[in-house]
Amino acid sequence: MSSSPRIVIVGGVAGGASAAARARRLSENASIVVFERGPYVSFANCGLPYHIGGVITDRSRLLLQTPASLKARFEIDVRVNTEVISIDVASQHVVARNLMTGQELREPYDALILSPGADAIRLAVPGVQHERVFTLRNMGDMDAILATVSKDGIGRALLVGAGYIGLELAEQLHHRGLEVALVERLPHVLGVADTEMTFPLHEELRRQGVDLRLGRAVSAFEKEGEGLVATLDNGDRIPCDLVVMSVGVKPETRLAREAGLAIGSTGGILVDDQMRTSLPGIYAVGDAVEVREFVSGDPALIPLAGPANRQGRIVAEVILGRDSRYKATQGTSICKVFDLSFAMTGLSETAIQRKGMRYKRIYVYPPDHATYYPGAHPITLKLLFDPEDGRILGAQAVGVAGVDKRIDVIAVAQRAGLTVFDLEDLELCYAPPYGSAKDPVNMAGFVASNVCREDVDLWEPEDLANLDDSQVMMDVRTLQEHAQGSIPGSTCIPVDELRGQLPAIPRDKELLVYCQVGLRGYIAARMLTQHGFHVRNLSGGYRRYAMWKGTHTVPLACEAAMQSEDGK
């Protein structure tokens, strides 16, 4: 490529704007043109729900760059309200249309970067085209929703789909004083998460007054007065003043398909690790491309802003002669749901099972900081790993505080190729207001490593369906804890009394022990195993059982039972 390449970028926001800025930092001689069919070239789309809710009060703060600022600082030619309608591959030109004037022009390129993003999916149901049925993908969508909720008499909102956008909007519209109903066709919110890890979110949504309808789908919308009525697949009718569809997105690939670019098995534009498409001189980045999932290496669609920004930076470097490569996507993400946060990285257990991979799972419930310092909150942390080599496959966490820190640490460990054995040794910040001497990440490493080293065998709540006379279930908590709630059929022998009860415990039975969160069960299992008993411990203890049953409650402060198991 020449020392003064003509770089044309289709689409701004995360991937396109990052590519343009990086290209200019690497080359003062390059000609850089950005076409954006909307009026804004670079905006914080992840902040849209928070302006609707009034948390971000100044709309202009969502505009990260403007055509004028990109021109002044980077000498980038940005043409907003201009849509690229076709690519002439043979002559290396794009055809663009000014959407305000209708004028068409041809722009030559040496390197073409496609960053078209993804389109919001609208359900094909009667009434979906009503003017008060919205999606939320850009500034215009946000403005339209905000204009509607600001009108007099608007008091009821219906959100269809409980992914990240649906959950964020539920909170923000509730903050505006609207009654909020949330409909999700799956039996739990956040389809990327594992079922049991979302139960705390269900409880929090209901605690805040959200009308949560799980396992339901909208079959039609009808106009009723100034508002709408949504009919669900079970016949329920939900009156509302506006609807926001947040059922997912699909890659915008029309331009790529028409130009003859290869499309991957997931429906995204096929690219290599340098973001090259199947045709020379054309690259693609962002939500429209098919990526490699980090753990399995399988093709995937993972529409996140962080990966899109990195891809934009990488493609600019590749075009300008650097050997940069994109190293797959972990899917690290987080979502705020009122007073709780949910975060994850890597594969979910559901995805691991679907891929047929070998794995084990453990649960820990440590506080976000030392319990003797006021304000400690429990974190529910699930770690998925390969029991043969300790490779980290995925992690999920939910809690009031400290969730982001722990998942970020595990995400870095996973990308660096560390194992659960390495989590034991991580040296992380400790002072009573911030953490514990044994951080939740260390705790997860200890428990997972115990499994890998075969220091303890685990049993799962699913095993209860196959209990027989050769097994005995034993609760090693206190008698008071047992009386407050226990797994049916279990006998209580507190861990501190076990040694004195050894002669009464049958040696010809397998012992399935459990405690509140797993520690006392582990201690009991180690003790009993060394006395010749065959023992398995329930990872996560009675809390894990309650999560499995769907009755788990995440307290907003650490309870006495958890504090008694601090300092593992």
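Hydrogens, waters and symmetry mates are skipped; everything else that's a heavy atom, side chains included, is used.
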Between [X] and [Y], does any side-chain N to carboxylate O distance fall below 4.0 Å?
| X | Y | value |
| --- | --- | --- |
| Glu204 | Arg207 | yes |
| Arg97 | Glu104 | yes |
| Arg137 | Asp287 | yes |

Where the side chain of [X] meets the backbone of [Y], is there a donor-acceptor pair that is under 3.5 Å apart?
| X | Y | result |
| --- | --- | --- |
| Ser69 | Gln65 | no |
| Glu179 | Ala181 | no |
| Glu184 | Ala162 | yes |
| His202 | Val189 | yes |
| Arg59 | Asp143 | no |

More than 12 non-hydrogen atoms from neighbouring residues, nucleotides or ligands closer than 6.0 Å to [atom1] on [X], yes or no?
| X | atom1 | result |
| --- | --- | --- |
| Arg206 | CZ | yes |
| Gln274 | CD | yes |
| Arg61 | CZ | no |
| Lys336 | NZ | yes |

#### Entry: Minimum heavy-atom distance Ala397-Ile379, with the two atoms named
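Looking at all heavy atoms of both residues, the shortest contact is CB-CG2, 4.1 Å.
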### Task
Can you spot which of Gln92, Arg6, Arg79 makes a side chain to side chain donor-acceptor pair (under 3.5 Å) with Glu107?
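The option that passes is Arg79.
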### Query
With a 4.5 Å limit on heavy-atom distance, are the side chains of Met139 and Leu63 in contact?
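With C-beta onward as the side chain, the pair touches.
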#### Entry: Pair Met197-Thr380, side chain to side chain contact (heavy atoms under 4.5 Å, CB included): steps then yes or no
CA-CA 8 Å; Met197 296 297 292; Thr380 298; 3.9 Å; yes
